[in-house]
Amino acid sequence: MLLNGSGGMVNLEPIGFVCGTKGDSVSFLVNKNVNLAFGQIVRIDSNDRCFYARVVNSESSSTLETIEQLREAEGKEAFGPYSAYRCVDAILFLEKRDGRIRSPTFNPNYRDKVYSTNEEDCSILKLSGDLEIGHLRSADQLLGSVGINISAIPRMMGMFGMTGSGKTNTELILNAQIIDNSPRTVALIYDFAGQLLEGKEIEPKRGLKDHPLFHSKVQYYSARDGKMVVGLRTITPARLDALFPDIQPPQRRLAWALYKHFGSAWIEISRETYAKGDKLSVHANKVVIEALMQKLSSLSNELFPATNTSFVDSVLQNVCKGITCLIDISGLRSEDQKRIVCLSASVVAEHYKHMWEENYDAWQKLPTLLITLEEAHEFLDPNNSRTIFSDIALTYRKYRVGLNAVTPRPSRITFDVFAELWTKIIMKTELKKDRQYLTENTPYMEYSETEIKMLDVGEALLISEPKIKFAVPIKVTHYPDYLEKRGNADYVLPDSSTLSKMSTQLKKLNDQETPSLI
Ligand SMILES: Nc1ncnc2c1ncn2[C@@H]1O[C@H](COP(=O)(O)OP(=O)(O)O)[C@@H](O)[C@H]1O
Ligand SMILES: [Mg+2]
């Protein structure tokens with residue numbers, strides 16, 4: 001039977017009716033054989049408006065006396081269909097009235113009908129976006145596509161979930177689409193575990209190298225082939241904060257003095273001089289000299305040779321051209337990982353800032369950048385020294401630089417930064433401390449702590465303000481399925497210069513005498 005709901009849409013059978021409301025909380029009784037799940041979104045039609053609510057609790061009980069229950073359990077007596085019931089609590093998060101969507105201004109009436117969401121609701125909730133993350137979960141069904149917009153990138157994001165919850169897969173899905181949207185968008189990805197190139201733990205194994213645009217739109221940098229080097233002569237004192245987050249102002253002043261005195265070779269020369277026990281030709285306190293020289297001596301020769309080339313320059317050039325840079329820092333000491341990450345991220349981010357300030361027209365042509373940072377808690381912990389990433393999260397929105405902080409330990413992300421992450425993808429998290437942090441500091445999530453513990457692999461809650469203001473239950477698309485669906489449609493053809501080169505080569509070959517096969 002089809003019922004015409006008051007919201008003006010055709011609905012399938014209701015799943016239950018409202019039996020009580022209080023503030024933004026609604027209780028409803030569920031019909032027999034209805035499938036519901038924690039976190040599911042339901043719709044409640046109420047006169048001239050309809051409400052959307054998330055299921056946060058459920059309770060099943062009997063209307064019978066204990067003695068009657070015992071007799072029914074033994075099969076001695078049957079009390080009919082009304083002897084047991086299931087009551088569900090849901091929290092209102094949205095109201096639709098006269099075609100307008102907003103936060104709830106009131107609550108539903110007793111006996112209003114409750115429906116599970118359908119494709120139409122999915123479009124009313126405006127869940128789809130430029131970058132598709134997955135599909136809306138409604139009990140055991142997957143409905144319409146759910147995604148975020150490109151404009152959400154500079155509004156900062158976070159991906160949270162314990163090991164095995166599906167973070168790497170979600171990173172792949174998102175970055176694959178940033179590659180698809182190049183040169184409007186570009187990604188800078190730090191891969192600490194060396195998984196993203198090949199998709200090591202994804203089953204079946206698929207990584208960014210399997211993306212059809214990998215060869216034209218992605219550049220891979222790895223510490224393993226010895227090419228990821230930062231020449232000492234490319235390091236100015238301005239970069240010392242990225243390399244040594246605990247550097248003090250007197251050491252910084254000394255560094256500038258040395259730089260003025262020795263020029264770009266300042267690190268090598270002062271290191272040599274100091275090692276020989278000679279006096280640095282710059283006046284400074286002995287303790288300051290020692291502290292700075294100790295820092296400079298800790299830069300390893302393999303990663304920081306005495307040259308004037310740096311892979312960071314290549315990263316910057318590529319990012320500006322819309323070529324995604326995948327930086328694999330697996331295998332490095334954690335100290336060096338941090339240095340490489342902070343140094344390259346600050347060069348790229350500061351370039352965006354500089355262009356915005358000095359050359360606005362050229363800045364407008366730059367692709368919107370998303371920096372994916374795994375192990376984000378190591379860089380954003382309030383107990384550690386500040387890094388460039390908290391600056392990026394707090395102030396780089398206007399330069400169109402976005403941060404995607406990926407971590408299994410959200411509670412270690414400093415609160416100021418966490419509050420700036422307007423898009424959150426929350427996956428299964430078991431640690432209570434982390435669940436509490438997530439629910440307490442995310443709108444409309446205060447009742448979802450249990451739900452976060454019960455999510456399955458690839459299941460997530462997505463919030464992307466201002467577009468998606470509430471936690472949407474989604475199933476993230478599996479990256480191998482995404483690749484299969486996407487196909488190889490736009491393998492780029494070689495550009496015309498390569499083609500003409502090829503044809504001259506062919507012509508040359510033709511002109512040469514071809515030996516007869518006969
Ligand atoms: N959305 C999904 N659908 C199906 N399988 C998934 C999904 N997300 C992840 N998986 C699988 O679960 C496993 C763990 O996923 P992964 O992304 O590596 O988790 P994490 O990075 O959080 O440790 C992988 O084998 C992956 O293929
Ligand atoms: Mg992972």
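Atoms within a ligand are numbered from 1 in the order they appear, just like the ligands themselves. Computed from heavy atoms alone, side chains included, the values below leave out hydrogens, waters and symmetry copies. Sequence positions, counted from 1, serve as the residue numbers for this chain.
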Novice: Should we say atom CD of Glu119 is surrounded by more than 12 heavy atoms from elsewhere, each under 6.0 Å from it?
Specialist: yes
Novice: Is Arg155 salt-bridged to Glu465, cutoff N-O under 4.0 Å?
Specialist: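 No, this pair does not count.
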Novice: With a 6.0 Å cut-off on ring centres, are Phe160 and Phe418 close enough?
Specialist: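 Yes, close enough.
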Novice: Applying ring-ring contact (aromatic ring centres under 6.0 Å, His included) as the test, list every pair that has at least one member in residues 135-156; sequence neighbours left out.
Specialist: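 Found none.
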Novice: For the Mg ion (ligand 2), check which protein N, O or S atoms are under 2.8 Å away and list them.
Specialist: Thr168 OG1
Novice: Go through the structure and list residues passing side-chain hydrogen bond (donor to acceptor under 3.5 Å, both in side chains) with Lys365, not counting sequence neighbours.
Specialist: none
Novice: What are the atom names and distances for all N or O pairs under 3.5 Å between ligand 1 and the protein?
Specialist:
from     : atom 1 : to     : atom 2 : distance (Å)
ligand 1 : 1 (N)  : Val476 : O      : 2.7
ligand 1 : 3 (N)  : Lys475 : NZ     : 3.0
ligand 1 : 5 (N)  : His478 : NE2    : 3.4
ligand 1 : 8 (N)  : Asn169 : ND2    : 3.4
ligand 1 : 17 (O) : Thr168 : N      : 3.2
ligand 1 : 17 (O) : Asn169 : N      : 2.9
ligand 1 : 19 (O) : Gly166 : N      : 3.0
ligand 1 : 21 (O) : Thr168 : N      : 2.9
ligand 1 : 21 (O) : Thr168 : OG1    : 2.6
ligand 1 : 22 (O) : Gly164 : N      : 3.4
ligand 1 : 22 (O) : Ser165 : N      : 3.3
ligand 1 : 22 (O) : Gly166 : N      : 3.0
ligand 1 : 22 (O) : Lys167 : N      : 2.8
ligand 1 : 22 (O) : Lys167 : NZ     : 3.0
ligand 1 : 23 (O) : Gly164 : N      : 2.6
ligand 1 : 25 (O) : Glu201 : O      : 2.9
ligand 1 : 27 (O) : Glu203 : N      : 3.0
ligand 1 : 27 (O) : His478 : NE2    : 2.8

Novice: Hey, is Lys205 close enough to Asp210 for a salt bridge, meaning N to O under 4.0 Å?
Specialist: no
Novice: Is a donor from one side chain sitting under 3.5 angstrom from an acceptor on the other, for Ser298 and Arg339?
Specialist: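 There is such a pair (donor and acceptor under 3.5 Å, judged by atom type) between the side chains of Ser298 and Arg339.
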Novice: If you draw the axis of the six-membered ring of Trp356, does the NZ or CZ of Arg400 fall within 45° of it and under 6.0 Å from the ring centre?
Specialist: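 Checked: cation-pi criterion not met.
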Novice: If the plane angle is over 60° it's perpendicular, under 30° parallel, otherwise tilted; pick one for Tyr482 and Tyr479.
Specialist: parallel
